[in-house]
Number of protein chains: 2
Amino acid sequence: MLARVSSTPTFKRLPRAIREQQMLDAAVRVFSRRGFHAASMDEIADDAGISKPMVYAYLGTKEELFVACLHRETARMMEAIAGAAAPDLPADQRLWRGLRAFFGFVGAHRDGWAVLYRQARGSQPFAGELAAMRARLVEVVAGMLDHALRTEGREVAATELEVVAYALVGASESLGDWLADHPDADPEKTATRMMNAAWLGAGQLLHGATWRPPTD
Amino acid sequence: MLARVSSTPTFKRLPRAIREQQMLDAAVRVFSRRGFHAASMDEIADDAGISKPMVYAYLGTKEELFVACLHRETARMMEAIAGAAAPDLPADQRLWRGLRAFFGFVGAHRDGWAVLYRQARGSQPFAGELAAMRARLVEVVAGMLDHALRTEGREVAATELEVVAYALVGASESLGDWLADHPDADPEKTATRMMNAAWLGAGQLLHGATWRPPTD
DNA sequence: GCGTAACCTTACGCGCGAGTAGGTATGCTG
DNA sequence: CAGCATACCTACTCGCGCGTAAGGTTACGC
């Protein structure tokens, strides 16, 4: 029989939509700092300021909850990037804005990123989700490169393009990961650095320069 | 009172050193296909063809076992790379050989790589180990770049170098990860592609070319 | 003001898997 | 061939954490 005279407004009954978001927020926090398996539903519920059965009622089992987190964070990130890199801009502008949006997102949602990038990787059930997102990104980047090439009259095999795109995306992810661990680092600056390496490297490649392995 | 008339030679009593290696082999396999938490000590013991208490006796608790795997695989990989990229070679040679060794290692030890790269990332206790390895790699690469620069009379801030090195390592890791999932892909070819992107991009940077963000 | 639906709780069942107790067989040393 | 160490086993304990059953309370329509 607790005296519920607490003044915190977070105590009232809240509609489902809001509670779900709170739960997802809490889940992302807990998953990111504990990892999927080490995270307990009790802790998530506690962190969300609600009891466990509510979590089950609204968002289902632990796996389903994690997938829900993945989806939300993925959607947010893709939206941020897609919104920044408008298709009608010139290639370098698109790349630059995309990178800036990406690093901005990671800087602002460090734990969301940790869930996406670090946790989802290991376990089969979720790796697919992540891979799908990455595939979309790679596709976009490859398309961007391809477009840039065609307007200059050059053409490169699709596989080749894809690998370059993959390397770019991978490098960005790694740098994003680094950013997530360095709270004092500046997302904008990181984006600039990445852009430098990417654009210059890609530019060379696109203009037909190659490095040949020695015949040792 | 089983009739142990089996003819399999894997049934004899074996010295500790050998059993430990078998256990580590099994552990790497199981960890890589299940993930750390989903892997059970029973399955590892079973896969190693021995009973659980032996695993505990020789390699300790589950965490200790995982760390042992990490150490072995890390050591093998660093050894492969260091052995290939002799310090007295010219910079592009070192980079090329290092990359080739790296992708060769990943191609040949796909599940070892999966343990290192995918599992260790998420959970705090192990992330440190991984980070340490990556830090060594980054340091080496940064040193390589720095050396290349100095012999050409140029000089770049350490932070700047480190970020470039980090991007290179990250891109390689991502491509390695891609390689691990594509058994039909050729490590050598992947290494060549990575080298192209890396060397051309780095080359540009090192010669002072930069891309400047527009003032939008 | 009363039913009914949405919100929310406490308190449990129960399986799975880490880690251990205690004992057996085999080889090596004197 | 005693004695001791090393290799090896079966069979348990026990806690943790997912998921649920069963019930209480606030709001809202009528």
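Just so we're on the same page: letters track the sequence lines, and every chain starts at 1. The figures that follow rest on heavy atoms only: side chains count, while hydrogens, waters and symmetry mates do not.
Rounding to whole angstrom units, CD of residue B/Glu43 and C1' of C/dC16 are separated by 14 Å. Going from atom CE of B/Met54 over to atom C1' of C/dT24 covers 13 Å, rounded to whole Å. In this structure, B/Glu64 atom CD and C/dA18 atom P are separated by 14 Å, rounded to whole Å. Between the P atom of D/dT6 and the CD atom of B/Glu20 lies a distance of 13 Å, rounded to the nearest Å. Rounded to an integer number of Å, the gap from A/Ile50 CD1 to C/dT10 P is 11 Å. Here the P atom of nucleotide C/dT9 and the CG atom of A/Asp46 are 11 Å apart, to the nearest Å. In this entry the distance linking CZ of B/Arg16 with C1' of C/dC28 reads 18 Å, nearest Å. Rounded to an integer number of Å, the gap from B/Arg34 CZ to C/dC16 C1' is 14 Å.
An OP1 or OP2 oxygen of C/dA6 is reached within less than 4.0 angstrom by no side-chain nitrogen or oxygen of A/Tyr58. Within the 4.0 Å cut-off from OP1 or OP2 of D/dC8, at least one side-chain nitrogen or oxygen of B/Arg19 is found.
With B/Arg19 contributing its side chain and B/Ala48 its backbone, the two residues share no donor-acceptor pair below 3.5 Å. Between the side chain of B/Glu64 and the backbone N or O of B/Thr61, at least one donor-acceptor pair lies under 3.5 Å.
In this structure the side chain of A/His109 never reaches within 4.5 angstrom of the side chain of A/Val28, judged on heavy atoms. Under the 4.5 Å side-chain criterion, counting only non-hydrogen atoms from C-beta, A/Ile50 is not in contact with A/Gln22.
Here the two rings, on B/Trp113 and B/Phe102, have centers that are under 6.0 Å apart.
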Any N/O pairs under 3.5 Å between the protein and nucleotides 17-22 of chain D? List them or say none.
from, atom 1, to, atom 2, distance (Å)
D/dC18, OP1, A/Ala39, O, 3.2
D/dC18, OP1, A/Met41, N, 3.4
D/dC18, OP1, A/Lys62, NZ, 3.1
D/dC18, OP2, A/Met41, N, 2.9
D/dG19, OP2, A/Tyr56, OH, 3.3
D/dG19, OP2, A/Lys62, N, 3.0
D/dG19, N7, A/Lys52, NZ, 3.0
D/dG19, O6, A/Lys52, NZ, 2.5

When you compare the protein's N or O atoms with those of nucleotides 1-4 of chain C, which come within less than 3.5 Å of each other, and at what distance?
none

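A/Arg13 contributes a side-chain N or O that forms a donor-acceptor pair with the base of D/dT25 under 3.5 Å.
With sequence neighbours left out, B/Glu129 forms a side-chain hydrogen bond (donor to acceptor under 3.5 Å, both in side chains) with B/His71.
Here A/Glu73 pairs with A/Arg76 in a salt bridge; the nearest charged N to carboxylate O distance falls below 4.0 Å. Salt-bridge annotation for A/Asp25 and A/Arg72: present, with a side-chain N of the basic residue lying under 4.0 Å from a carboxylate O of the acidic one.
With B/Asp47 as the partner, the salt bridge (charged side-chain N to carboxylate O under 4.0 Å, His left out) test is satisfied by one option alone out of B/Arg29, B/Arg34, B/Lys52: B/Arg29.
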